[in-house]
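To start, the structure itself, in structure tokens.
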Amino acid sequence: MSQKEKDLIDNFADKLGSNHLVAINPDLQHILVLSALEKAARNFGRPIVWEKNYSNALKKFFSDSKPLTLGRDIDLPEIIAYPEDYALQNSYDNLDNLKDFYKPIYLQIDGQPLDDHDSSYKIRRNKLNDLSAEFLDLGIFGQTGRTKLIKIVKQINAKLTIPFDSPNFEDEVALLKAEGLTAKLPEKNQDIEFQ
């Protein structure tokens with residue numbers, strides 16, 4: 001685990017001491033980070049309640065994992081009644097699940113939307129402001145990763161950049177093009193020849 005990932009887990013564990021709901025928005029692709037968050041929360045005695053697809057991923061990659069699943073193991077009303085007993089993994093599509101919590105703590109951990117290049121980012125920030133939520137961006141990739149991407153593409157003077165490992169290919173291409181760089185979306189089953 002990198003130092004950034006260790007810092008992320010430490011910051012998450014610090015927030016678990018709050019009496020307010022701690023909601024996290026991690027990237028499903030970062031399964032090792034999900035597992036580390038799960039372990040940290042369990043060790044603290046405040047387990048994470050995961051959306052089904054996250055819970056299933058944890059079970060698939062870590063057979064000894066026993067994540068709690070929202071709607072199967074724990075229902076939202078129980079979390080609302082005892083917010084200090086749980087953390088809640090909360091995707092952008094489920095932001096409305098937070099409306100009945102008093103001043104939730106929302107930890108952005110590389111889940112979508114990543115930053116203000118995505119119009120959904122502003123919508124989320126406005127909703128969280130309306131809830132008087134504390135918002136912390138603890139992501140280890142996010143804007144820093146995008147800044148590095150631009151720097152690398154410029155340093156090597158790339159003639160064409162095609163992102164291949166991105167949570168949102170369109171955003172990466174738009175970001176590169178906004179910097180005056182040449183980029184295009186990957187195409188399924190496309191052969192790419194390097195010269």
Report task. Identify, with sequence neighbours excluded, every residue that meets salt bridge (charged side-chain N to carboxylate O under 4.0 Å, His left out) alongside Lys39. Result -> none

Report task. Check whether Tyr86 and Tyr102 end up in the same hydrophobic cluster, where Ile, Leu, Val, Met, Phe, Trp and Tyr are linked by side-chain heavy atoms less than 4.5 Å apart. Result -> no

Query raised in the report: Residues in salt bridge (charged side-chain N to carboxylate O under 4.0 Å, His left out) with Asp96, at least two apart?
Result: Lys127

Query raised in the report: For residues Glu38 and Ser65, is any side-chain donor paired with an opposing acceptor at under 3.5 Å?
Result: no

Report task. Determine the sole option in Asn90, Leu21, Ile24, Val22 for which the side chain to side chain contact (heavy atoms under 4.5 Å, CB included) test with Tyr106 is passed. Result -> Asn90

Requested in this report: For the pair His20 (side chain) and Lys103 (backbone), establish whether a donor and an acceptor sit closer than 3.5 Å, ignoring hydrogens and angles.
Outcome: yes

Query raised in the report: Roughly how far apart are Gln89 CD and Leu28 CG, rounded to 0.5 Å?
Result: 8.0 Å

Report summary line: Rounding to 0.5 Å, atoms OG1 (Thr182) and CG (Leu176) come to a distance of 9.5 Å

**Report entry** Non-hydrogen atoms of Lys99 and Leu131 that approach each other most closely
**Finding:** CA-CD2, 3.5 Å

**Report entry** Heavy-atom check, side chain of Asn25 versus side chain of Arg124, under 4.5 Å
**Finding:** yes

Report summary line: Taking every heavy atom of Leu76 against every heavy atom of Leu70, the minimum-distance pair comes out as N-CD1, 3.9 Å

Query raised in the report: Got Leu181 and Leu175 here, is their nearest side-chain heavy-atom distance under 4.5 Å?
Result: no

Report summary line: OG1 (Thr161) and NZ (Lys154) are apart, to the nearest 0.5 Å, by 11.5 Å

Report task. Answer yes or no: is there a donor N or O on one side and an acceptor on the other, between the side chain of Arg46 and the main chain of Ala40, under 3.5 Å? Result -> no

Query raised in the report: Where do Ile48 and Phe12 come nearest, in terms of heavy atoms and distance?
Result: CD1-CZ, 3.9 Å

Query raised in the report: Under 6.0 Å from the CG atom of Asp130, do we count more than 12 heavy atoms belonging to anything else shown?
Result: yes

Query - Shortest non-hydrogen contact between Tyr54 and Ser91, atoms and distance - result: CE1-OG, 3.8 Å

Requested in this report: Check whether Val33 and Phe61 end up in the same hydrophobic cluster, where Ile, Leu, Val, Met, Phe, Trp and Tyr are linked by side-chain heavy atoms less than 4.5 Å apart.
Outcome: yes

**Report entry** Rounded distance (nearest 0.5 Å) linking atom OG1 of Thr69 with atom NZ of Lys52
**Finding:** 9.0 Å

**Report entry** Spacing of CZ belonging to Phe101 relative to OG belonging to Ser132, to within rounding of 0.5 Å
**Finding:** 15.0 Å

Query raised in the report: Is there side-chain contact between Phe62 and Pro67, with heavy atoms separated by less than 4.5 Å?
Result: no

**Report entry** Leu185 and Ile162, any side-chain heavy atoms less than 4.5 Å apart
**Finding:** no

**Report entry** Pro26 to Trp50 - nearest heavy-atom pair and separation
**Finding:** CG-CZ3, 4.3 Å

Query raised in the report: CD1/Ile74 to CG/Leu68 distance, rounded to the nearest 0.5 angstrom?
Result: 5.0 Å

Report summary line: Applied to residues 71-88, the salt bridge (Lys or Arg N to Asp or Glu O under 4.0 Å) test, sequence neighbours excluded, yields none

Query raised in the report: Would the number of heavy atoms belonging to other residues, nucleotides or ligands and lying under 6.0 Å from CZ of Phe135 be above 12?
Result: yes

